[in-house]
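Here is the structure we will look at.
Scope of the values below: all heavy atoms of this structure, side chains included, with no hydrogens, waters or symmetry mates. Read the numbers this way: they start at 1 and go in the same order the structure lists the ligands and their atoms.
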Amino acid sequence: MIVLGIETSCDETGVALYHSERGLLSDLLYSQIDLHRDYGGVVPELASRDHIRKLAPMIRQALKDSGLVPRDIGGIAYTAGPGLIGALLVGAATARSLAWAWQVPAVAVHHMEGHLLAPMLEPEPPRFPFVALLISGGHTQLVEVEGIGHYRILGESLDDAAGEAFDKAAKMLGLSYPGGPKLSALAESGKPRFVFPRPMTDRPGLDFSFSGLKTFTLNTLQTTAQSEQDKADIALAFQDAVADTLTIKCRRALRQTGLKTLVVAGGVSANTQIRASLRAMAEKEKASIHFPRPAFCTDNGAMIAYAGCQRLLAGQGEPLAIKAKPRWPISELASPG
Ligand code: KG4
Ligand code: ZN
């Protein structure tokens, strides 16, 4: 079965074609970063309009690139939430309309399930059951995963998501949106000079809190001359604290569940220092660790096509209704079978 995947939950338009036996046939991504940069963050209305402008031509391009025609497509998967409602509706309405016109099933995909399953697109995919650390701009969650649709939240952020904390700290350091990758680049020239706290690691449990690190970043910045070196040193201290906190909690989750496989996904999992710190921990714990390739850590259509394909193969399709949910807990998902 060939599935068309559509991702429009935030500021990236993603379109992919996934073949259930042959893998990815096409994967196109258009980022709206330039559009939102002047505003310092995503402007929802601009995002929706830009998805409308880009989506149909990208679908046409994906079909053309892979030498396919609409009758080759067996189903359509679209991100139905969580995300920006206007942006989601563009993908949902397009997917539903095409499914109706092409007489194929459509399936509403949960954006975080897409992230969670992204490592399945790699040559050595993880095997169920596993612990998943989801770290994106909107979510920070530790999930015990028994299979597709069997998700138990072990812990989550009580305030800012990891990506959100990166973006806010980056803004304080004068870096432009989206700041996460820029802060990480700046940290490379940082020297180990400051030590930031590791929030909530001194008490039991698997929840996170990152908002205090923002205040710590600001306070530290104000005690320096704010030279480029000062900023790089602060970026490094911030990144160290996030990496270390995530690592401590993942170790705890592995030990608590007794599972020996860790999956890490979502935009922040592209961070090299976080990847290295988690990898070293997994090695010590004799656990296997799986990340998506960096391009599939951040938003993309491939992960949506893959997740939707698994649900469509299991016979899950939905009645003709356009579904978009700005808020949607992953623990509410049912298994497709
Ligand atoms: O998963 P994603 O693309 O979108 C959401 O679902 O939110 O994640 C975006 C987040 C942003 O906060 C961005 O700054 C962060 O991931 N991010 C990074 C890196 N690459 C993306 N944060 C730290 N280091 C990176 N290399
Ligand atoms: Zn995402």
Side-chain angles (χ1 to χ4, degrees), residues 5-14 16 29-33 36-37 40-42 44 47 78-84 87-88 91 109-119 132-141 156-157 159-173 175-188 190 208 210-211 213-214 217 235-236 238-246 263-278 291-304 306-307 325-328 330:
I6 295 175
E7 157 62 37
T8 64
S9 67
C10 191
D11 58 348
E12 256 126 12
T13 317
L29 190 77
Y30 166 75
S31 169
Q32 303 179 348
I33 285 178
H36 302 290
R37 186 174 290 122
V42 182
Y78 64 97
T79 302
L84 303 172
L88 290 168
V109 174
H110 191 291
H111 182 76
M112 297 313 291
E113 178 175 72
H115 276 304
L116 193 153
L117 296 176
L133 172 69
L134 302 179
I135 33 178
S136 71
H139 293 76
T140 299
Q141 295 183 314
E156 59 193 331
S157 179
D159 40 56
D160 292 355
E164 192 181 354
F166 260 98
D167 295 341
K168 288 177 178 170
K171 212 175 216 175
M172 292 172 193
L173 295 170
L175 303 168
S176 65
Y177 156 88
K182 295 199 179 79
L183 186 150
S184 173
L186 180 63
E188 275 176 33
F208 303 90
F210 290 111
S211 72
L213 280 179
K214 268 181 324 197
T217 303
L236 179 65
F238 173 87
Q239 186 169 265
D240 263 345
V242 176
D244 212 25
T245 304
L246 294 172
V263 160
V264 189
V268 182
S269 67
N271 184 286
T272 343
Q273 194 186 344
I274 292 174
R275 284 168 95 100
S277 168
L278 288 167
F291 300 93
R293 72 195 76 167
F296 290 167
C297 288
T298 42
D299 292 349
N300 64 87
M303 66 185 194
I304 303 303
Y306 177 85
K325 298 181 173 202
R327 291 176 181 278
W328 190 8
I330 197 172

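No N or O atom of Gly179 sits closer than 3.5 Å to an N or O atom of ligand 1. In terms of N/O distances under 3.5 Å, ligand 1 is not approached by Ser184. Distances between N or O atoms of Gly266 and those of ligand 1 include no value under 3.5 Å. Between Glu12 and ligand 1, not a single N/O pair is under 3.5 Å apart. Below 3.5 Å of separation, one finds no N or O of Pro181 facing any N or O of ligand 1. At a 3.5 angstrom cut-off on N or O pairs, Gly137 counts as close to ligand 1.
A donor-acceptor contact shorter than 3.5 Å is absent between the side chain of Thr140 and the backbone of Ser157. The closest donor-acceptor contact from the side chain of Thr298 to the backbone of Gly267 lies at 3.5 Å or more, if one exists at all. A donor-acceptor contact shorter than 3.5 Å is absent between the side chain of Ser184 and the backbone of Gly180. Ser269 places a side-chain N or O within donor-acceptor distance of the main-chain N or O of Gly266, the cut-off being under 3.5 Å. Panel note: side chain Lys182, backbone Ala170; no donor-acceptor pair is recorded below 3.5 Å. A donor-acceptor contact shorter than 3.5 Å is absent between the side chain of Arg327 and the backbone of Pro82. Of the possible donor and acceptor atoms, one in the side chain of Thr245 sits under 3.5 Å from a partner among the backbone N and O of Ala241. Remark: side-chain polar atoms of His139 are not paired, donor with acceptor, to backbone N or O of Leu134 under 3.5 angstrom.
Numbered from 1 in the order shown, with element, the atoms of ligand 1 that lie under 4.0 Å from a heavy atom of His115 read 1 (O), 6 (O). When each atom of ligand 1 is checked for a heavy atom of Asp299 under 4.0 Å away, the hits are 1 (O), 2 (P), 3 (O), 4 (O), 5 (C), 6 (O). Heavy-atom proximity to Gly163, at under 4.0 Å, picks out these atoms of ligand 1: 12 (O).
Atom 24 (N) of ligand 1 has Asn271 ND2, 3.0 Å as its closest protein atom, hydrogens excluded (heavy atom only). Ranking protein heavy atoms by distance to atom 22 (N) of ligand 1, first place goes to Gly180 CA, 3.7 Å. Nearest protein heavy-atom contact of atom 15 (C) of ligand 1 is Val268 CG2, 4.0 Å.
Scanning Ser9, Gly267, Cys10 for the heavy atom closest to atom 8 (O) of ligand 1 points to Gly267.
Atom NZ of Lys214 sits in a crowded spot, with more than 12 heavy atoms from other residues, nucleotides or ligands closer than 6.0 Å.
Of the heavy atoms in His111, only side-chain atoms (C-beta onward) come closer than 4.0 Å to ligand 1. Only the side chain of Asp167 comes within 4.0 Å of ligand 1, counting heavy atoms alone; its backbone N, CA, C and O stay farther away.
The closest approach between a heavy atom of Gly138 and any atom of ligand 1 is below 4.0 Å.
Of all protein atoms, those that are N, O or S and lie under 2.8 Å from the Zn ion (ligand 2) total 3.
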- Taking it one step at a time, do Ile135 and Val242 satisfy side chain to side chain contact (heavy atoms under 4.5 Å, CB included)? CA-CA 11 Å; Ile135 33 178; Val242 176; over 6 Å; no
- Query: For Glu113 and Met303, what are the C-alpha separation, side-chain angles and deciding distance, and is it a side chain to side chain contact (heavy atoms under 4.5 Å, CB included)?
  - Reply: CA-CA 9 Å; Glu113 178 175 72; Met303 66 185 194; over 6 Å; no
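Below 30°, between 30° and 60°, or above 60°: for Trp328 and His110 the angle between ring planes is between 30° and 60°, a tilted geometry.
Judged as a ring-ring contact (aromatic ring centres under 6.0 Å, His included), and not counting sequence neighbours, Tyr78 has no contacts.
Aromatic ring centroids of Phe210 and Phe166 lie 6.0 Å or more apart.
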